[in-house]
Amino acid sequence: MNSLALRRLILRVLNLIAVLAASTPRPASAFDFLSPVHPAWPIQVISGATLPKPGIPTVRAHLQRCLEDGLPWARLDLGSLSPSDPDFDLPACLELARGRLNLLIDPGPTELAALDAAVAKAGMRQQVLVLLASGGNTNTPAAGPASHFPALAFVTDADHAPSSATDTRSSLETQPRSVRLAAPQATPESVTAWRQRGFRIVVDLTGKPESEETWRHATATGPDWILSAHPEALLAWHVARSATRPSVRMALHRGAGRYAPENTLPAFSTALQL
């Protein structure tokens with residue numbers, strides 16, 4: 001079975017899982033994001049790969065890989081663009097993703113007003129979630145309320161999120177409110193508590209080694225999104241855990257050349273994970 005056929009099989013199984021989980025109650029929100037996969041997955045995976053990486057030298061290549069793999073979300077870090085990607089073009093990347101792929105954007109030095117204008121011009125209002133890693137962009141301390149940026153929704157770190165309706169620690173009155181939890185902060189109890197206060201939840205697994213145990217823990221907490229540096233392995237784990245034992249054994253050609261260098265130990269290690 002070639003890699004394209006394998007990816008199609010994975011997507012079919014994921015869609016079946018989504019159908020079975022479609023009746024799971026989810027919190028209502030005034031801001032509904034695009035669902036590139038139908039029906040929408042109960043927990044959506046965000047590709048948070050650090051660039052460049054083997055086979056993915058540029059942001060555009062990363063977005064294209066996410067589209068080919070059928071992922072609903074990708075992280076776009078404007079604050080750490082690689083020197084190997086000197087021709088990065090935000091409008092071109094937005095055009096590539098429009099109607100097909102949602103984006104979690106870390107704006108870095110980019111002014112929120114400029115980002116809002118670019119997203120609005122691209123017609124992607126329901127496809128962009130902006131990460132305010134410190135509770136607000138340092139380059140826009142007086143940016144004003146979120147109503148000034150109608151094309152954007154925001155997510156902030158748990159330590160900087162408002163703890164109540166009257167808490168003004170966040171520099172932006174974000175609606176909807178979303179919060180990012182590091183893996184150690186995420187428990188079923190903490191996720192439930194944030195959700196009861198009106199927040200959507202991103203569990204961030206990046207920055208540390210990922211394994212079946214971290215994926216199992218993150219999934220069990222019940223977040224809205226999981227940010228992973230290895231989304232292909234996480235999704236393969238979901239499929240293997242949820243699907244019945246196949247009657248036909250499958251092998252990945254040359255290890256996992258699509259996700260790691262061909263004919264090397266990393267490729268075979270990745271193949272074992274998938």
Side-chain angles (χ1 to χ4, degrees), residues 4 7-8 11 14-15 29-41 44-133 137 139-140 143 146-155 172 174 176 178 200 202 206 224-225 227-229 231-232 235 258-259:
L4 179 59
R7 291 199 303 275
R8 288 174 176 170
L11 290 177
L14 287 173
N15 282 334
S29 171
F31 194 106
D32 293 322
F33 292 97
L34 174 77
S35 296
V37 178
H38 298 283
W41 302 344
Q44 299 199 0
V45 177
I46 305 173
S47 176
T50 300
L51 303 180
K53 62 183 297 185
I56 311 179
T58 66
V59 170
R60 186 176 181 85
H62 177 219
L63 300 183
Q64 188 63 48
R65 172 65 61 84
C66 291
L67 288 169
E68 292 172 359
D69 283 353
L71 288 168
W73 284 83
R75 178 174 178 174
L76 179 53
D77 189 350
L78 302 182
S80 61
L81 293 174
S82 168
S84 65
D85 197 1
D87 299 322
F88 170 76
D89 185 339
L90 178 59
C93 288
L94 293 177
E95 178 62 26
L96 177 64
R98 181 166 59 88
R100 306 166 68 195
L101 180 69
N102 296 322
L103 299 176
L104 171 65
I105 297 182
D106 187 338
T110 305
E111 292 283 348
L112 292 181
L115 181 58
D116 179 77
V119 170
K121 184 176 181 180
M124 290 185 63
R125 182 187 181 278
Q126 292 181 293
Q127 289 186 248
V128 174
L129 186 61
V130 176
L131 176 62
L132 303 176
N137 269 24
N139 68 330
T140 54
S147 59
H148 291 186
F149 311 107
L152 305 179
F154 297 93
V155 57
L172 295 171
T174 60
S178 300
R200 288 182 171 184
V202 180
T206 62
D224 298 276
W225 301 287
L227 177 61
S228 170
E232 70 284 346
L235 292 177
R258 179 176 172 80
Y259 301 106

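Starting from 1, each residue takes its place in the sequence as its number. Because the structure is a prediction, the values reported are computed rather than measured.
How far CG of L67 is from CG of L96: 5.5 Å, rounded to the nearest 0.5 Å. Put simply, CG on L71 and CD on E232 are 8.5 Å apart, with the number rounded to the nearest 0.5 Å. The CG atom of L152 sits 5.0 Å away from the CG atom of L115 when rounded to the nearest 0.5 Å. Atoms CZ and CD, on R60 and E95 in that order, are 9.0 Å from each other to the nearest 0.5 Å. Here the CG-NZ distance, from L90 to K121, works out to 11.0 Å after rounding to the nearest 0.5 Å.
Across all their heavy atoms, L227 and G48 have their closest contact at CD1-CA, 3.7 Å. Nearest heavy-atom pair, V45 versus P231, reported as atom, atom and distance to 0.1 Å: CG1-CB, 3.8 Å. The two atoms that bring Q126 and N102 nearest to each other are O-OD1, 3.8 Å, heavy atoms only. Minimum heavy-atom separation, A118 to L94: O-CD1, 3.6 Å. Closest approach of A74 to C66, counting heavy atoms only: CB-SG, 3.8 Å. For V59 against F88, the heavy-atom pair with the smallest separation is CG1-CE1, 3.7 Å.
In terms of modelled atom types and a separation under 3.5 Å, the side chain of Q127 and the main chain of L101 share a donor-acceptor contact. With hydrogens and angles disregarded, no donor-acceptor distance shorter than 3.5 Å links the side chain of D106 to the backbone of R75. Looking at D116, its side chain does come within 3.5 Å of a backbone N or O of A151 through a donor-acceptor pair.
No side-chain heavy atom of L76 sits under 4.5 Å from any side-chain heavy atom of V128. Residues L129 and R200 are not in side-chain contact: their nearest non-hydrogen atoms beyond the backbone lie 4.5 Å or more apart. Using a 4.5 Å cut-off on side-chain heavy atoms (C-beta onward), D77 and L131 make no contact. For the pair W225/S178, a side-chain contact is recorded, criterion being any heavy-atom separation below 4.5 Å from C-beta on. The shortest side-chain heavy-atom distance between H62 and S47 falls under the 4.5 Å cut-off. No side-chain heavy atom of T58 sits less than 4.5 Å from a side-chain heavy atom of D87. Residues V202 and W73 fail the side-chain proximity criterion, which asks for heavy atoms closer than 4.5 Å.
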